[in-house]
Amino acid sequence: MPLEQLPPPPTRQQSNSVLGVPARSSAMSAGHRRTINMSLPGNEQHTNPEHAHLLANKWLGANKLAELVRLQGLVYKKGKFSAIEEEQLRAAIEKYQSEKGLTEVQILETIFSKTDKSKDTAFWSELTSAVPLRPIIAVYHHVRRSYHPMKQQGPWKSYEDDALKQAVADLGQQWEKVSYRVGRMASDCRDRYRNHIVNSDIRITGHWSAEEEEKLTRIVTDMTIKQGKDIDNDVFWGKVSELMGGTRGRQQCRIKWTDALSKTVKNEGRKPRWSPQDAFILVHKVDSLNVRDDTEIDWKLIPDQDWNLWSAHTLQRRWLTLKKGVKGYEDMTHQEIMDILRIKKADLPPPPTSVTRKKKERKVTSAAAVTDSPETRMGSDTAAVIGSSTGPGTTAGVGVGVQPDDSTDSES
DNA sequence: AACGCAGGTAAGGGTAATATTCATTG
DNA sequence: TCAATGAATATTACCCTTACCTGCGT
């Protein structure tokens, strides 16, 4: 998509996508300003220069990467780009721009050029070197999205939906062409279409009925447990939505499952409730990660064998509320917030005395002891791929004892 | 002619931010 | 009883990875 062909920026409301203003993501500039201390040590570095070169120069696909991981112990990073990485990329782009004496328009042309090999193939390699553990393809996709002139336009208007419907009717699912007509990024058109346009006539919103919940539970367990698959990782949500008759979309199904139904299933049919113990455990787990910034946390790594009721998603939100409970958190570093929370949550609250509660009593997980003992949980076979978080060896290593505290469970 | 590779588009899979509703507590 | 607070639930824009394809150089 040559730049000059891009449709003009939308005329609506805000102007955060003015061409030539590559912009920090609005998520960052709005709400929470993050303090990033770039002088902190601990930037991931490759111990193997050969691997670093591979990642930054070869366009390795998934298979090839997996093979290198297996055969050569390649280490690379997946998952969301942290605020620190974004800053590193921004700086690298700026550096490239000033070294080559490029204008804003020219740098965008470089980013969006189509097979313009005469320009500079080294561009992407240079950027990738700024984020050492990332494969070049990941950097390529990330930068192209985050510098796209049509990025982040907020909620869809009904006329945009209409335009989208019409465009898909005319062109089929050729998202680049559709994008040009609608004025939204191709991927956003695709998302809007699959998540909201398809089956919009039969889509249900609002609270789930017991029948729906049962049906979803059945579909998910049929698809996973009954096939010997992993209930947390082997669910195809597009398929699930389809099996629900299209009345619930894939996102609805997924969120409903991971945030609500799955923990009930894991808790032997009873709904667990977030407790002060859980908050305590969470704080100490996050603390033990020793990350520079909470955007570096891979929430999937937080749960362990004895403390696994809460989805990564839930934990992340719980963390946010804990963080917001710290006065002035907006202007504090992760370390400063951590220092306060560590003190605030220094003592393990007493286990819930279940007599006082009604029937909903947590089971299974409560903390008996929490120790900060960083351990290397990643087995050698999985160590190769680092989730979007910790440096090697700093996995959440809090030992949380299981205490079946339910002796007084007053189910009635 | 066959092959490997860069790199573009689409499909598959997932999360973040926020609003609303519901429960608990002082 | 009521208001404040925190937890649960729902919504949807936005993001990352993988699959698949094409054109090109060797």
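Throughout, protein chains are lettered first and strands after them, A, B, ... in sequence-line order, and every chain is numbered starting at 1.
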Establish, yes or no, whether the cationic atom of A/Arg134 lies under 6.0 Å from the six-membered ring centre of A/Phe81 and within 45° of the ring axis.
yes

Looking at the base of B/dG13, is there any donor atom on it, or on the side chain of A/Arg254, that sits under 3.5 Å from an acceptor on the other one? no

Would you say the base of B/dG7 and the side-chain of A/Arg144 have a donor-acceptor pair closer than 3.5 Å? no

With a cut-off of less than 4.0 Å, is there a side-chain N or O of [X] near OP1 or OP2 of [N]?
X: A/Gln174; N: B/dT9; result: no
X: A/Trp124; N: B/dA6; result: no
X: A/Arg184; N: C/dC14; result: yes
X: A/Gln252; N: C/dA10; result: no
X: A/Trp59; N: B/dC5; result: no
X: A/Lys80; N: C/dT17; result: no
X: A/Arg190; N: B/dA10; result: no
X: A/Lys256; N: C/dA10; result: yes

Please give, in whole Å, the distance from [N] [atom2] to [X] [atom1]?
X: A/Glu86; N: C/dC16; atom1: CD; atom2: C1'; result: 12 Å
X: A/Arg145; N: B/dG14; atom1: CZ; atom2: P; result: 17 Å
X: A/Lys64; N: C/dA19; atom1: NZ; atom2: P; result: 15 Å
X: A/Asp188; N: B/dA11; atom1: CG; atom2: C1'; result: 15 Å
X: A/Phe112; N: B/dG7; atom1: CZ; atom2: P; result: 15 Å
X: A/Lys78; N: B/dG13; atom1: NZ; atom2: C1'; result: 11 Å
X: A/His141; N: C/dC16; atom1: NE2; atom2: P; result: 11 Å
X: A/Asp191; N: B/dG13; atom1: CG; atom2: C1'; result: 11 Å

I would like to know whether A/Ser187 and A/Arg145 meet side-chain hydrogen bond (donor to acceptor under 3.5 Å, both in side chains); could you show each step before the answer? CA-CA 9 Å; A/Ser187 56; A/Arg145 168 172 262 280; 2.7 Å; yes

Residues pairing under salt bridge (Lys or Arg N to Asp or Glu O under 4.0 Å) where one sits in residues 166-175 of chain A, two or more places apart or in two chains, turn out to be A/Asp170-A/Arg181

Residue [X], side-chain atoms from C-beta onward, closest of [options]:
X: A/Glu176; options: C/dC14, B/dT9, C/dC16; result: B/dT9
X: A/Lys151; options: C/dC15, B/dA11, B/dA6; result: C/dC15
X: A/Arg194; options: C/dT17, B/dG14, B/dG13; result: B/dG13
X: A/Asn195; options: C/dA19, C/dT12, B/dG14; result: B/dG14
X: A/Trp237; options: C/dT12, C/dT18, B/dG14; result: B/dG14

Need one value for A/Arg192: base, sugar-phosphate or nothing, where a base atom within 4.0 Å counts as base even if backbone is also close, heavy atoms only. sugar-phosphate

Those residues at least two apart in sequence (or on a different chain) that pass salt bridge (charged side-chain N to carboxylate O under 4.0 Å, His left out) with A/Lys64 are none

Of all heavy-atom pairs linking A/Leu216 and A/Trp237, the shortest is CD1-CZ3, 4.4 Å

Nearest heavy-atom contact between A/Ile137 and A/Leu60 is CD1-O, 3.3 Å

The correct set of residues in residues 203-218 of chain A placing a heavy atom under 4.0 Å from DNA chain B is none

Under the criterion salt bridge (charged side-chain N to carboxylate O under 4.0 Å, His left out), I'd like the reasoning laid out for A/Glu242 against A/Arg250: C-alpha separation, chi angles, the key distance, then a yes or no. CA-CA 8 Å; A/Glu242 199 181 290; A/Arg250 73 183 186 107; over 6 Å; no

Below 4.5 Å, heavy atoms only, C-beta onward: do A/Gln97 and A/Glu104 meet side chain to side chain?
yes

Backbone of A/Asp191 reached by a side-chain donor or acceptor of A/Asn195 within 3.5 Å
yes

